[in-house]
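See structure below.
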Amino acid sequence: MKVFFLLLTLLLIVPAQAFHTPAGWETDLAAARKKAARSNKPLLILISGPDWSDSSKKLHQKVVNDYFFNMTARKYAVCLFIHQPPKSSVISNSVLKNIDALKKVLPGNGVPRYAIVDANLNLLAKPRTRSLTGFMGAISTASKKINGTAVKEFSELAAYERKKEYNRKQREKKRELIQSKSCSSTPETRSRCSSYRSTGCASYRSTGCSGSRSTSCRIIRTPCSQKNR
């Protein structure tokens, strides 16, 4: 019975650890420092909690888990990820040891915290923005200081990021268009949205809009349609 509960605990713990750790990143500070010294590369340190912090989750989705960034970053730097649980959770001794050792270069308790250092934990650079180019620009600066090598893929990465942002905005516009048509798609939705004027929502016709394709009309109609559902 004890063996059964032990196996069950391991099955519950291991997937959670695997979920938080980005592919190919180190999780132990001592091992990462040795690797950085041996390879003569800067050390990118990230302390975050993507399972409970919205800011960390956004950073992982936008930057850390991006395949192009991950592949390029690990080419020029040793990447270290330390998962910091919320204050109400118990922190393991190994994680606590890593965080304590980094207090000088990464002070505070908020997440995400990040910096690029050398093997002796001397600060080399910090990303100016939480973006692909922000992080890669800092890695390039740090790499120049250590071995004189700049990130050759920087311009390619910048174009890739611009394309990702364009596609994201196109998806948002498509969602807005779908929402704007929700009140006229079926008799059921038309009757549900027919009480525009009685709920304090402005009628889109009374705003001078010529049709539902207008952006301002969509903005007005969407909250009204959601309110009447």
Side-chain angles (χ1 to χ4, degrees), residues 12-33 35-36 41-118 121 123-143 151 154 157-158 160-165 167-169 171-172 175:
L12 291 173
I13 292 175
V14 171
Q17 293 288 343
F19 174 79
H20 300 316
T21 306
W25 287 48
E26 300 290 331
T27 56
D28 180 68
L29 177 59
R33 290 179 65 182
K35 188 174 180 180
K41 291 180 179 180
L43 174 60
L44 168 61
I45 302 172
L46 170 64
I47 301 176
S48 70
D51 56 331
W52 61 273
S53 164
D54 289 338
S55 298
S56 297
K57 186 177 180 180
K58 288 178 182 178
L59 178 62
H60 279 248
Q61 290 175 341
K62 189 176 181 180
V63 179
V64 180
N65 293 335
D66 184 90
Y67 175 78
F68 190 13
F69 169 80
N70 210 335
M71 180 178 63
T72 310
R74 289 189 287 116
K75 178 180 177 181
Y76 292 93
V78 176
C79 301
L80 171 67
F81 171 71
I82 299 175
H83 174 251
Q84 180 173 308
K87 293 180 180 179
S88 57
S89 301
V90 178
I91 302 179
S92 65
N93 291 332
S94 59
V95 172
L96 194 59
K97 183 180 178 181
N98 287 337
I99 293 176
D100 286 342
L102 294 169
K103 278 186 176 180
K104 184 178 179 181
V105 67
L106 288 172
N109 296 313
V111 290
R113 306 195 301 280
Y114 39 80
I116 304 173
V117 300
D118 60 17
L121 301 184
L123 182 64
L124 297 175
K126 276 193 174 184
R128 294 183 178 180
T129 60
R130 294 178 183 179
S131 62
L132 297 176
T133 48
F135 269 75
M136 195 53 65
I139 290 174
S140 183
T141 299
S143 183
V151 175
F154 187 82
L157 189 71
Y160 168 74
E161 185 174 42
R162 287 194 297 270
K163 185 177 180 180
K164 279 188 67 176
E165 183 64 16
N167 291 336
R168 183 188 67 80
K169 289 182 178 179
R171 288 193 297 269
E172 285 184 355
R175 281 196 295 268

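All residue numbers refer to positions in the sequence shown, counting from 1.
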Hey, is the main chain of [Y] close enough, under 3.5 Å, to the side chain of [X] for a donor-acceptor pair?
X: Lys58; Y: Pro50; value: no
X: Glu26; Y: Cys79; value: no
X: Ser56; Y: Trp52; value: no

Can you see which heavy atom on [X] is nearest to which on [Y], and at what distance?
X: Trp25; Y: Arg74; value: CD1-CD, 4.1 Å
X: Pro22; Y: Val64; value: CG-CG1, 3.4 Å
X: Thr133; Y: Ala158; value: CG2-CA, 3.6 Å
X: Pro127; Y: Tyr114; value: CD-CD1, 3.6 Å
X: Thr27; Y: Asn98; value: O-ND2, 3.6 Å
X: Pro42; Y: Leu124; value: CB-CD1, 4.1 Å

Any side-chain heavy-atom pair from [X] and [Y] closer than 4.5 angstrom?
X: Val117; Y: Ile45; answer: yes
X: Arg130; Y: Val63; answer: no
X: Leu59; Y: Phe135; answer: yes

Nearest 0.5 Å please: distance from the [atom1] atom of [X] over to the [atom2] atom of [Y].
X: Ser131; Y: Asp66; atom1: OG; atom2: CG; answer: 11.5 Å
X: Ile139; Y: Tyr76; atom1: CD1; atom2: OH; answer: 10.5 Å
X: Asp28; Y: Leu80; atom1: CG; atom2: CG; answer: 8.0 Å
X: Ile82; Y: Leu102; atom1: CD1; atom2: CG; answer: 5.0 Å
X: Ile99; Y: His83; atom1: CD1; atom2: NE2; answer: 10.0 Å
X: Leu46; Y: Ile116; atom1: CG; atom2: CD1; answer: 11.0 Å

Steps toward side chain to side chain donor-acceptor pair (under 3.5 Å) verdict (Ser55, Ser53): CA-CA 5 Å; Ser55 298; Ser53 164; 4.7 Å; no
Identified side-chain hydrogen bond (donor to acceptor under 3.5 Å, both in side chains) partner of Ser48 from the options Arg113, His60, Gln84: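 Among Arg113, His60, Gln84, the one that satisfies the side-chain hydrogen bond (donor to acceptor under 3.5 Å, both in side chains) with Ser48 is His60.
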Residue Lys62 excluded, over 12 heavy atoms near NZ under 6.0 Å: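 12 or below, so no.
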Enclosure of Arg168 CZ (heavy-atom neighbours >12, cutoff 6.0 Å):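 More than 12 heavy atoms, drawn from other residues, nucleotides or ligands, come within 6.0 Å of this atom.
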Charged N-O contact under 4.0 Å between Lys57 and Asp51: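 No, this pair does not count.
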Mutual orientation of the aromatic rings belonging to Phe68 and Tyr160 [parallel < 30°, tilted 30-60°, perpendicular > 60°]: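 Ring orientation of Phe68 relative to Tyr160: perpendicular.
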Derivation and outcome, side chain to side chain donor-acceptor pair (under 3.5 Å), residues Asn167 and Arg171: CA-CA 6 Å; Asn167 291 336; Arg171 288 193 297 269; 5.9 Å; no
